[in-house]
2 protein chains.
Amino acid sequence: MTSRREAVRDVLVQSEGFRSAQDIYAELRAGGAKIGLTTVYRALQSLADAGQVDVLRTDDGESVYRACATGTHHHHLVCRRCGHTVEVAGPAVERWAEAVGAEHGFTSITHTVEVFGTCGSCASVASAG
Amino acid sequence: MTSRREAVRDVLVQSEGFRSAQDIYAELRAGGAKIGLTTVYRALQSLADAGQVDVLRTDDGESVYRACATGTHHHHLVCRRCGHTVEVAGPAVERWAEAVGAEHGFTSITHTVEVFGTCGSCASVASAG
DNA sequence: GGCAGAATGAAAACCGTTGTCAAAACCGCC
DNA sequence: GGCGGTTTTGACAACGGTTTTCATTCTGCC
Ligand SMILES: [Mn+2]
Ligand SMILES: [Mn+2]
Ligand SMILES: [Zn+2]
Ligand SMILES: [Zn+2]
């Protein structure tokens, strides 16, 4: 684990939600770190390969990364306003995916599941404003 | 509905699975149609806006489109080998998404769910070969 | 035919990401 | 401390899917 890689991971660990490579790069540079964008991308890739961060793609095609607390299979509930993210487990949805695949003769089933919404604090800010 | 837009939609209607813009463009050109890539993109965008086609993003960042039979909310079971796609409804997963959101104080819940696997015919081809 | 507005498409711009490659940092060894 | 080698780094260029631009063509209407 090199120092740059560690710096990238630290940003993610201290982040509440998903962050983009460019976002992380900007934060590191703003904090005085000497690091290149290419290195941020490489660090994220190796962290993702090692299973230490989760990746997902936003609607506009940007990859975003998060250091999740759980190493086990889980999904995300993401506030579409502030990005606040909670990790959720879902035995029900796991079973459903397997069942629906089997029902149509599919094997080696995998799935992607993400849930979006407005979190409690964003909702109260909106109603107060 | 202009003739180009109709041509684009026709390709999708006769397709089994999701297709990319460039893919559709290539097929139309191969069939002798006089159409530009820009127009294919525009047609797909307006069809998507009108809710006549579903869009999803592949892992490598390409947008792919499909003219689904159902106008109502559904998800997809996609063969990762041949692209064969079946539309699946899932009351269980709908309820789960709502519940998990509410449980954490989130409102205006939406979700994305896609299931991938190897379809029956691809599995038999693989085992025969 | 003549006209206004919409549609079209070739080419350029855009943007996140990846490849290139020379310089810098690191490491074990003497 | 000095020396070879390996690895890491980052400025820059290239890539690929998508969008924007803008001049031309088509369309419906009189
Ligand atoms: Mn799951
Ligand atoms: Mn659903
Ligand atoms: Zn929020
Ligand atoms: Zn298949």
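Naming convention: chains lettered A, B, ... in sequence-line order (proteins, then strands); numbering from 1 in each chain. Because the structure is a prediction, the values reported are computed rather than measured.
Rounding to the nearest 0.5 angstrom, the gap separating the CZ atom in B:Phe18 from the OG atom in B:Ser63 is 11.0 Å. Note that the CD1 atom of A:Ile35 and the CZ atom of A:Arg5 stand 10.0 Å from one another [nearest 0.5 Å]. With rounding to the nearest 0.5 angstrom, the NE2 atom of B:His104 is 10.5 Å from the CD1 atom of B:Ile109.
The CG atom of B:Asp59 sits 14 Å away from the P atom of C:dT17 (whole-angstrom rounding). The separation between B:Asp49 atom CG and D:dT19 atom C1' is 14 Å, rounded to whole Å. For B:Leu56 and D:dT18, the CG to C1' distance is 17 Å, given to the nearest whole Å. Following rounding to the nearest Å, A:Asp60 (CG) and C:dC14 (P) show an atom-to-atom distance of 17 Å. In this structure, A:Arg57 atom CZ and C:dT17 atom C1' are separated by 9 Å, rounded to whole Å.
Of the candidate nucleotides D:dT18, D:dG10, C:dT17, D:dT18 has the atom lying nearest to any side-chain atom of B:Ser63.
Looking at B:Thr38, its side chain comes within 3.5 Å of the base of C:dA10 through a donor and an acceptor atom. Side-chain atoms of B:Thr39 and base atoms of C:dA7 include no donor and acceptor less than 3.5 Å apart. The base of D:dG10 sits within donor-acceptor range of the side chain of A:Arg42, with an N or O pair under 3.5 Å.
Each of B:Ser3 and A:Glu62 was assigned the nucleotide of DNA chain C with the nearest heavy atom; the assignment lying further toward the 5' end belongs to B:Ser3.
Proximity of B:Arg4 to the phosphate of D:dC26: no side-chain N or O atom is located under 4.0 Å from OP1 or OP2. For the pair A:Tyr41 and C:dT18, the criterion of a side-chain N or O lying under 4.0 Å from OP1 or OP2 is not met. For D:dT18, neither phosphate oxygen OP1 nor OP2 lies less than 4.0 angstrom from any side-chain nitrogen or oxygen of B:Gln45.
For B:Asp59, the CG atom is loosely surrounded, since the number of other residues' heavy atoms within 6.0 Å does not exceed 12.
Applying the side-chain hydrogen bond (donor to acceptor under 3.5 Å, both in side chains) test between A:His75 and each of A:Glu87, A:Glu114, A:Glu94 identifies A:Glu94 as the sole match.
In this model, a donor atom of one side chain and an acceptor atom of the other lie less than 3.5 Å apart for A:Thr110 and B:Arg80.
Within residues 5-37 of chain B, the residues approached by DNA chain D to less than 4.0 Å at the level of any non-hydrogen atom are B:Gln22, in residue-number order.
Between B:Leu12 and B:Leu44 the shortest side-chain heavy-atom distance falls below 4.5 Å.
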